[in-house]
Amino acid sequence: MSDTALGPAPSLPPPSDGGGARRAEGVGRSKALTATTLLAPATIFVAAGLLAPLAILFRYSLNEFVARTKTMVEALTIQNYITFFTDPYYTAALGTTIRVAVTVTVACLIVGFPLAYVVARTQSRFKHLLIIAIVLPLFVGNSVRAAGWMVVFGNKGFFNTTMMSLGLIDRPIEIMFTEKAVIIGIIAVNLPFMVLSLQSVIESIDRAVEEAAFSLGAPPLTMFRRVLWPLALPGVLAGTILTFILAMNAYATPFLLGGPLFKMMAPVIYNEFTQKTNWPFGAAIAFILMAVTLSLTLAANVLLHRRAAR
Amino acid sequence: MARLDIQNLVKRYGDFHAVKDVSLSVADGEFVVLLGPSGCGKTTTLRMVAGFIEPTAGQVRLGDGDVTLLPPWRRNTGMVFQSYALFPHLTVAQNVAFGLEMRKVPKADMEKRVEEALALVRLSGYGARLPRQLSGGQQQRVALARALAIRPDVLLLDEPLSNLDAKLRQEVRVEIRELQRQLGLTTVMVTHDQEEALTMADRLVVMNEGTVHQVGSQRDLYERPADRFVAGFVGRTTFLAGTVESAGRFRTEGGLGLAVAGGTPGKAALSLRPERIEIAPAPLPGLDNDLPGTVEFVSYLGAQIDIHVRLSPADRLVVQVANRADGFSPEVGQQVHVGWRASAGQVFGE
């Protein structure tokens, strides 16, 4: 039950050994051998622990499910995928998931950038404490945190009682078991990932480059748009990808803060597998979630790069 | 271009005085170098002129206007940074054009001015390259072109040569200086390298611990240092510790009695430039001071030879001689005589 378990990681090609090929063959061979030795454990683990189950799951998604006996029957059909896209219940869940993930990602970027900038540029001796403070929320498990949010957000929770006793509102604001609660909850989980991705990249940008822009006549906003943002783009990409994938696959937060009627993809998949024991359909939804996540991530990537190239 | 006036500039960080009451006027077209060890406040002063640091007190005037409270983007200063600070994602031409874009220069004009600026630093034809495709020296010139393209009121150089190798540095020094003269640029440069400072400046400002110790020409600083710090920082010198017994008489800690020019009684240090001292195998009559000593150390520097001579258990002197074919070149352990005129030394009271 963890939001932080990364979904299918975008697979990167292994670093090519371009320079080695041209050198003496003996050196090249021993280098290749070292590379193999270093890459092997992780490769085997990923193959056995991720690719194999995925392949099996994909095969399942093409099987049939007999509802009467609750059994899976071997077949080769895309009916499960068709069912998903023709049933408004499921497409609505996908729509909600994308909407929540995009909102969360944009919010994390807007809130996270200034924070990351300050942390990256601070000269304070307490910088490491700042970073720990940012990571600290991750020390608390998602379920525990969600339970905490429930106490805060409830109609008789901390937030509403405080606001009402201060006379700022006369009726509790409905937060618990709404999309608002889920979005706030996931932002809280994902923000550290965004901030750390941005901070490490901003730190590598020479402060003098910003000053150069200022001295050439660029006010702060222009400097940000023309210099800081394009140079921070790798961090922006890493942060948004991480945040978006985590939000798309969020399980505990939507389950606990969204309530029984709120549907996001991860809880729906879990439900298909465990409650309905409909493995073929569950597998199909899992693949749809994965495909949508990957294609949206890629699309955002291309878009950001194209805008930066202008 | 314009004149630059700094009046009673102060920068405090808590209890720490980074800059204490610095005043300086730079005439239109003048090249002034702020020289001092690291932490002396020279960079802080320059950054207050550029507008990156807000002064605690004092005034910065550029031309006729008071710019003390203006942010850097509203001042017309051209800055070259130690790290060059080129925009790595922009081409050379885009880098140079950046300041012109900010000034809303029309497109046709802009291209011409970018071309001109690149031609000034002999980088015509490099416009389409990215900074990382250039050598350090070329990057440095792009930074200069970028600062010059905006036709700044004052050119500010923050240790611009410290990232270049020694040979290139000597070339770029001359190049910057020629460009500065040719364009009549009001320029302030910061450096800790005294050779760099001496070769480039019209006037030098020696700073230490946030204060200006002396402002003057190369000759002023070397021949007439205002205090012990300047004497020690500009050029090489040997200090002999001791006391002025009466005007003209100095006694070292090692007990040597020396003739000096002037001085007021009390503890003092005698500064002696290594090349103003003569050394010979025999006594040196005709000089105000003539002392026997033992050669302790010889370092052979090619054109010159440094000879360290022990005069007494507490006093040691460095003598520099030109490496002439017929010159005297003693060996370690040899007994020699050293001598100098009273006017060759300078006494600094404590």
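As the structure is a computational prediction, the values presented were derived from the model and not from experiment. Note on naming: letters A, B, ... go to the chains in the order of the sequence lines (proteins, then strands), and numbering restarts at 1 for each one.
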Taking side chain as everything from C-beta outward and backbone as N, CA, C, O, which of these in A:R207 sits under 4.5 Å from a heavy atom of chain B? Side chain, backbone, both or neither.
neither

Contacting moiety of [X], where chain A heavy atoms sit under 4.5 Å:
X: B:R47; result: side chain
X: B:E101; result: side chain
X: B:L86; result: backbone

Which heavy-atom pair separates B:P88 from A:L231 by the least distance, and what is that distance?
CG-CD2, 3.5 Å

Minimum heavy-atom separation for A:A218 and B:F98, please, with both atom names.
CB-CE2, 3.8 Å

Would a 4.5 Å heavy-atom cut-off, applied to side chains only, mark B:F87 and A:R226 as touching?
no

Would you say the side chain of A:T222 lies within less than 4.5 Å of the side chain of B:W73, judging by non-hydrogen atoms?
no

Neighbour count above 12 (heavy atom, 6.0 Å) for [X] [atom1]:
X: B:D64; atom1: CG; result: no
X: B:E209; atom1: CD; result: no
X: A:K127; atom1: NZ; result: yes
X: B:Y126; atom1: OH; result: no
X: A:E203; atom1: CD; result: yes
X: A:L129; atom1: CG; result: yes

With sequence neighbours left out, the residues meeting side chain to side chain donor-acceptor pair (under 3.5 Å) with B:N76 are B:R103

Given the options B:R146, B:M79, B:R74, which has more heavy-atom pairs under 4.5 Å with chain A than any of the others?
B:R146

Mind checking the CD-OG spacing from A:E211 to B:S83? Nearest 0.5 Å is all I need.
9.0 Å

